[in-house]
Every structure is written in C-alpha cells, then in structure tokens.
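Single-structure report; data block below.
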2 protein chains.
Amino acid sequence: MNGTHPVGTLLPSESELAAHYRAARGTVRQAIAVLVAEGLVGSRQGARRIVLGTTRSQSFAELHSFAQWARANGYRFGGQVISQRRRAARGVESARLSCPAVLEVMRVRTLEGEPVLLERTVYADWIAPAVEALPGDCESVTQALFDSVGLIFAYGEHLIDAVAAGAQDSRLLTVRRGSPLLRQRRITTTNEGRPVEWSDDRYRAGSVAFSIRNSIGANPLGRQLAF
Amino acid sequence: MNGTHPVGTLLPSESELAAHYRAARGTVRQAIAVLVAEGLVGSRQGARRIVLGTTRSQSFAELHSFAQWARANGYRFGGQVISQRRRAARGVESARLSCPAVLEVMRVRTLEGEPVLLERTVYADWIAPAVEALPGDCESVTQALFDSVGLIFAYGEHLIDAVAAGAQDSRLLTVRRGSPLLRQRRITTTNEGRPVEWSDDRYRAGSVAFSIRNSIGANPLGRQLAF
DNA sequence: GGGCTGTTCTTGTCTGGACAAGTTTTCTAT
DNA sequence: ATAGAAAACTTGTCCAGACAAGAACAGCCC
C-alpha cells in the first residue's frame, strides 16, 4: 500500500495483489475499498484501478480534535479554559445530550500564539467529573479523556456556517465586532450512541479552513436488499 | 431496512437477517456497513447493533448540487448566470484542472426568491461546450450535464471557511460589505480522476449551513495487509 | 446478595469459489 | 487499413463456511 504508486498509474489487478500477498480477493477488495471511499483510487467496473492521490486525509480526527489537527500540521498550539461551571440543561441541550445537568466550558485555543478558536462546549453529566479533572491548559481534551477514562469519540454530526463576531467573540479572539467567523456546531457520541458533548466552536476567518473530501463511492445497498 | 426500527432499539442479528432475506451473512454485513459508516447504526464486536438514527444524509449529493439539496428540502429555488466567458487558465487553475483554457461562469442562486449563493466556477475546456449549451437559468447544472453528456461528479475536495463580503459579493447577494459569508472552494473530478470544475461558492450567512456526519468506523486495512 | 466462571450469542475477519457486467485487447472479415 | 466481432481480462456482487474476539447471560460458590 505504501509502495507509493505514483499518481496516474494503474494499480495491479485484484488477483495479482491477492496472489502476491497470499490473501483472498475479498480481503484485497476490502482494503482497497477504503482507498476508493477516500477518493485516492478511482475504480470502474471492468477497467484497472487508477491512483488519484497519495495523501490520506484523517478527516474524522481533524474535525474533532483541534490538537490532533494542529500537531499533524506541525503548528505550535495551546489552550486555556476561560470559564467552567455546572448548570441545568436548558432548551435543546437536555434532549440532545439526554441528561438533566451539564458542564459548560469555554475555551480559547491558540495557534502560533494567536487566539484562533473559541469553544463553547457543553458536556453530559456522566463525563463532567473527568473533564473537571483536566488542567486548565490541557492541550488535547480528546486525548486526555481517552487516557483517563477510555472515552472514544466515535460519531459526530457537524453543522458549519458563518456568523458575525459578537461582543464576547470579538474580545476573546481579538477581532473587530461583526467580522466573519467560521462556526462549527457539533454533537459527538460514543460508539454506543451515547451523547458526550455539544459544542459551538468559532474560528477566526483566515486562520483555518475545513477540508472535506467526499466520493460517491459504491453504495451497495437499497437495491438488491429491499429491507 | 426501511422498516423504521425506532432509535435506541436493537437490530436483529446478522444471522437472523440473513435467514429472513435469504441472503448470505456477508451480503447483510455489506448492507449494514453503509449504515454504520453513516453513523445511523452503532456497532461493537460481540454486542447487538443499536439504531442511532433514521434519517439518511445524502451528504455527497448535497455538497455538490444546490438544486438537489433545495429540492430535497422542499424549497423554491432558482439560478441565473451573471457572466460567462472563456479565457486562458491562470495561476493554480491550469495545474488543478490540468488544461490550458477554461470557461469562467458566475451564477447567483436564489432560495425562496432571495439570493443566497454566489458561484464563481471555472470549468475545464473539455466540458465547456456542454456548459455553454445550458440555458442561463438552468436549475441544476449537475443534473443537466449528466443528462446531456453523461457526466458524473464522482469525487470532490472541499475547502470551507468564512470570509467578509467584497464589493461584488455584497451587491449580488444584497448584503452589507464586510458581512460574513460562508465560502466553499471545491474541485470536482470524474470517477476516472479527471478534473471537471473548480469553484468558489459564497453563501449568505444564516441562509444555509453544511451538515456533515462522520464516524471513526472500521478501517480494516493497514494492519493485516502490510502492502 | 455479590462476585466469579463458563457457556452461548454476536460481530469482526478471512477464505475460496462462482457468476454477472463492463472494459480492453486481439483477431477476423471486408 | 479499417470496422466489427470475439476473446481475455478486470471489477462488482454474492455465496457458504470457518475461526477469533468480545459481550451478554446463566449458574455456581462463598
């Protein structure tokens, strides 16, 4: 896989790969399917596969963990908790997080010394103690929660839009009021479907951009199995 | 599948489904894998699968076709070409689209009568004739190009950030200068990896938001097959 | 009752084979 | 030489079976 097939070249056929690695064709297909889904390999029935790209995007991690994204790109980064308090869940929160009480945390993240991200996160009560135990300047909350209680963020739903900076936003991100911010609202759950956090993250314009890669891919359900 | 299993309930086991639909377990797995990848079904080795959601997001199509997104959500929508001209590719364009000449099109899209999206799209020369043949108020370019020349947008790479509205932006979207816009820059290719278009789309704030759903999912490569 | 152990169930992974559908190449007839 | 038909190849889909790893459950002993 890492044999770095140059972009534009044809991949060996499945049977060749299977023979070479002494694996069944289905196994090879499964491995290649990931690359096809990521858009790194083009695939058409009947024709050899073609290499479209070589850099694998770890979109999930990047979309979830500021620290992991920054580290992967070689940036200096930091974080600081601005405020943190427990309160009752209001409005949609109790429904989304399915718990009555929450922990509200506001964090500012810096990149190369400059504040670029303002996080307003609401954690479900069952994870609140672990979050409160973290230091105020914790670099990676995702990593810390995994280390301390084995929590894994497995699913995320993200809503991305643009908003004008409000009074608090402008002060903490050191931008003028009304200047554009990239807002990412997300809810994250464990692989059991248990909601963990609900967050409103605001990025300073020009500092970062979301990179998303998608592909039609094969969607082999719905037709043959009419459940 | 559409039997609408309520959220939170357990799915039948693979063997039960296989027996019920008279299919092999592998086939059932393949179908369910799509739901797991979309985050609609939670899956842990050893435990029954749990239903996490019921609404399937057609994220790819939505990310590509304004018309399809609007229609799916029941909005009235329209579009109008503002300017259209052929010119030589400049700067990064020739590299990204891998062709010397391009067709530059500027479109305004409306939702419920209001302008919400300004598209600045650059098409590769080999698709330009088909684009020029479209009417100025073509509703869905994606659909029209599929109908006329069988073109399928298979892969996309998107860069999403926030910018302040410039002079032209503010005039065409009827917003004040400097107000926040959600910008989506994307490059789209066919399933052969052939670049089709490179576009800079700017959405009025508050009008739309991108919805992205992601999951860690199973990534069954890299370990067992050390290519 | 509480904790432990072993059984049973379910999912994850892999094998080897088969056929269908589409592409590419080769061969043949004109 | 060229156009069309045939063959070879490649991917897409499915099947039936096997074993491993983890989860859920029942029963046991203390």
Side-chain angles (χ1 to χ4, degrees), chain A residues 1 5 8-52 150-152 154-155 190-194 215-227, chain B residues 1 5 8-52 150-152 154-155 190-194 215-227:
Chain A
M1 212 61 97
H5 299 268
T9 58
L10 297 176
L11 232 52
S13 74
E14 294 179 358
S15 5
E16 284 169 11
L17 288 172
H20 190 281
Y21 296 104
R22 230 128 344 161
R25 194 167 76 98
T27 312
V28 172
R29 283 185 63 76
Q30 204 175 352
I32 295 180
V34 179
L35 301 180
V36 173
E38 288 186 26
L40 295 180
V41 170
S43 194
R44 295 145 60 209
Q45 183 171 354
R48 277 276 180 91
R49 293 198 175 89
I50 188 171
V51 179
L52 301 179
L151 181 70
I152 294 179
Y155 298 109
T190 67
N191 63 351
E192 294 157 334
R194 200 175 183 191
S215 65
I216 282 192
N219 195 323
L221 101 151
R223 279 163 298 123
Q224 52 271 14
L225 282 178
F227 278 19
Chain B
M1 213 62 98
H5 299 268
T9 57
L10 297 176
L11 232 52
S13 74
E14 293 179 359
S15 1
E16 283 168 10
L17 287 172
H20 189 281
Y21 295 102
R22 231 127 346 161
R25 195 167 76 99
T27 311
V28 172
R29 283 186 63 76
Q30 205 175 351
I32 295 179
V34 179
L35 301 179
V36 173
E38 289 186 25
L40 295 180
V41 170
S43 195
R44 296 143 62 206
Q45 183 172 352
R48 275 278 180 88
R49 282 190 250 261
I50 189 170
V51 179
L52 302 179
L151 180 71
I152 294 178
Y155 298 109
T190 68
N191 62 352
E192 293 157 329
R194 200 175 183 192
S215 63
I216 284 192
N219 197 323
L221 100 152
R223 279 165 296 123
Q224 53 270 18
L225 284 178
F227 279 19

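Chain A is the first sequence line, chain B the second, and so forth, proteins listed ahead of strands; every chain is numbered from 1.
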Check: protein-nucleotides 3-7 of chain D nitrogen or oxygen pairs below 3.5 Å:
none

Which pairs, protein N/O on one side and nucleotides 8-10 of chain D N/O on the other, fall under 3.5 Å?
from, atom 1, to, atom 2, distance (Å)
dT10(D), OP1, Arg48(A), NH2, 2.8

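For Arg25(B) and dT13(C), a side-chain-to-base donor-acceptor distance below 3.5 Å is present, hydrogens and geometry of angles not being considered. A donor and an acceptor atom never sit less than 3.5 Å apart when one is taken from the side chain of Arg44(B) and the other from the base of dG12(C).
Taking 4.0 angstrom as the limit, Thr27(A) places none of its side-chain polar atoms (N or O) nearer than this to OP1 or OP2 of dC14(C).
For Gln45(B), there are no side chain to side chain contact (heavy atoms under 4.5 Å, CB included) partners, not counting sequence neighbours. The side chain to side chain contact (heavy atoms under 4.5 Å, CB included) check on Ser13(B) picks up Ser15(B), Glu16(B), Arg48(B), with sequence neighbours excluded. By the side-chain hydrogen bond (donor to acceptor under 3.5 Å, both in side chains) test, Arg49(A) pairs with Glu14(A), Ser43(A), sequence neighbours left out.
Summarising the geometry, the separation between CD on Gln30(B) and P on dT13(C) is reported as 14 Å, rounded to the nearest angstrom. Per the geometry, CD1 belonging to Ile50(A) stands 15 Å off P belonging to dT23(C), to the nearest Å. Between the P atom of dT11(C) and the CG atom of Leu35(B) lies a distance of 13 Å, rounded to the nearest Å. Going from atom CD1 of Ile32(A) over to atom P of dT11(D) covers 7 Å, rounded to whole Å. The distance between atom CZ of Arg29(A) and atom C1' of dA18(C), rounded to the nearest whole Å, is 14 Å.
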